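One-based numbering, in listed order, for ligands and for the atoms of each. Just so it is clear, the values below take in all heavy atoms, side chains as well, and ignore hydrogens, waters and symmetry mates. Nothing here was measured: the structure is a model prediction, and the numbers come from that model.
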Amino acid sequence: MQLTAWVNGHFLPLEQACVHIEDRGFQFADGVYEVIACFSGRFLDLRPHLERLERSCNAIDITMPRTLDELSELVEQAYQRNPFEHAMVYIQVTRGVAPRSHMVQQGMRPTLVITVRELPMPSADTLEHGVRAITMPDIRWKHCEIKSIALLASVIGKQEVSRRGADEGFWLDDMGHLLEGCATNCFAVIDGKLVTHPLDHQVLGGITRDMALRIARANGIDVEVRPWKLSESGLTECMMSSTTNAVMPVTHMDDDIIGDGKPGPVSISLRQLMLDEFQALKQ
Ligand code: PDD
């Protein structure tokens, strides 16, 4: 498929879609982004993603380049031009183009880029065995609630993940609590309850995290939003969530197995309930 991207007011073939070398996204990572999943032409939680984009822009004082309705329309159009069965739409907003200076010019015109790619599906092996994760001391900044394009810490984290033959890395605070992954939120099942770190400056408010908590509560799974550690007695399962993974069981952490090393009942059922909701989008 010839991929088409939106850049600053136009749809163009991907290879012709360019931004200026003095774009502040390129020079300072001065921007924010969203990743949105689309199943058989239906977007999952499009509005909450766009609202989070707006919150991220507001947090760093970037003017939203379009209204939420206009952005919805553009995202739909971008999908129509790249109509994968299952797609992920990437939206990036940067502060715009200016001669390089840390000081921000007033009245800048933000850069808006939208691209669409096929949504990768997990392999049969991953679904059967769950994923392997590692833990790492948190080296990120103190505003992880902003979906910033400054992802160097996560890139370094993922290099370590790959060196150690794992799939995801979870950041630990100074006391050993699991915060979130390089590109996922994380959860444990402790004494039968679904436990996840509270939303604060160390955690992105994942749209899939919200969905997982909502589905859990609606299906009689107790939820506890509190800091947690891998060493807690009663911990039987771990899992992660993101737009690109839905809910995915984590069965190995560092050199240890979680529970019996197989995807556990709560992870399996949450994942299935979530996939049922995706399926229902089509109807
Ligand atoms: N990452 N935490 C971090 C640090 C993330 O980067 C992400 C998403 C999440 C999960 O958020 P959501 O459920 O809204 O996708 C949590 C995206 C998918 C990415 O960077 O590609």
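His86 pairs by the ring-ring contact (aromatic ring centres under 6.0 Å, His included) definition with Phe39, not counting sequence neighbours.
Under a 3.5 Å cut-off, the side chain of Thr208 and the backbone N or O of Thr243 do form a donor-acceptor pair.
A salt bridge links Asp69 with Arg47; the closest basic N to acidic carboxylate O contact falls under 4.0 Å. Under a 4.0 Å N-O distance rule, the pair Lys229/Glu232 does not qualify as a salt bridge. Under the 4.0 Å criterion applied to side-chain N and carboxylate O atoms, Arg95 and Asp61 are not assigned as salt-bridge partners. Classification of Glu34 and Arg52 as a salt-bridged pair holds, one side-chain N sitting under 4.0 Å from a carboxylate O.
If you look at ligand 1, the protein residues with a non-hydrogen atom under 4.0 Å away are Tyr33, Val35, His49, Arg52, Lys147, Glu180, Gly181, Cys182, Ala183, Thr184, Asn185, Leu204, Gly206, Ile207, Thr208, Ser241, Ser242, Thr243.
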